[in-house]
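Notes to accompany the following structure.
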Amino acid sequence: MSNLFLHEDELKVLTGRKHKSRQIEQLRSMGIPFRVNATGHPVVTRGVVEGRKEEPPKPETARWSPRVVGVN
């Protein structure tokens with residue numbers, strides 16, 4: 001099983017950039033979705049690059065709420 005996120009070397013190849021600030025700049029210009037981690041490095045999921053679709057968020061289930069006394 002492969003890793004969920006691209007490795008640092010894979011990001012360098014994808015963006016053509018070595019420095020994290022330049023990688024972020026290039027990812028934005030390429031329209032590739034990413035997040036920035038606590039160390040300031042871009043994090044790209046492998047699924048984005050491979051073209052896998054993300055699963056849609058699950059709809060919220062109805063929550064239980066108590067009846068208020070005296071209200072019908």
Original post:
Counting distance only, does the side-chain N/O of Glu50 pair as donor-acceptor with the main-chain N or O of Gly47 below 3.5 Å?
Top reply: no
Original post:
Are Arg46 and Leu4 side-chain neighbours, meaning at least one heavy-atom pair lies under 4.5 Å?
Top reply: no
Original post:
Do Glu25 and His19 come within less than 4.5 Å of each other through their side chains, counting heavy atoms only?
Top reply: no
Original post:
Would you call Lys20 and Pro42 a side-chain contact if the rule is heavy atoms closer than 4.5 Å?
Top reply: yes
**OP:** Start with the C-alpha gap between Val43 and Val36, add the side-chain angles, then the distance that decides, and say whether side-chain contact (heavy atoms from CB on, under 4.5 Å) holds.
**Re:** CA-CA 6 Å; Val43 178; Val36 177; over 6 Å; no
**OP:** Assess whether side-chain contact (heavy atoms from CB on, under 4.5 Å) is satisfied between His7 and Leu11, documenting all intermediate values.
**Re:** CA-CA 6 Å; His7 294 285; Leu11 273 173; over 6 Å; no
Original post:
Does the Gln23 side chain pair with the main chain of Arg17, one donor and one acceptor, at a distance under 3.5 Å?
Top reply: yes
Subject >> Side-chain donor/acceptor of Asn37 to backbone N/O of Thr39, under 3.5 Å >> reply: yes
Original post:
Would you find more than 12 non-hydrogen atoms of other residues, nucleotides or ligands less than 6.0 Å from Glu8 atom CD?
Top reply: no
Subject >> Sub-4.5 Å side-chain heavy-atom contact between Arg28 and Ile24 >> reply: yes
Subject >> Atom of Val48, atom of Pro33 and distance for their closest heavy-atom approach >> reply: CG1-CD, 3.6 Å
**OP:** Output the distance between atom CZ (Phe5) and atom CD (Glu10), rounded to the nearest 0.5 Å.
**Re:** 12.5 Å
Original post:
When rounded to the nearest 0.5 angstrom, what is the spacing between CD in Gln26 and OG in Ser21?
Top reply: 12.0 Å
**OP:** Please test Ile32 against Thr15 for side-chain contact (heavy atoms from CB on, under 4.5 Å), starting from the C-alpha separation and ending with a verdict.
**Re:** CA-CA 10 Å; Ile32 296 175; Thr15 61; over 6 Å; no
Original post:
Is Leu6 reachable from Met30 through a run of I, L, V, M, F, W or Y residues, each pair having side-chain heavy atoms under 4.5 Å apart?
Top reply: yes
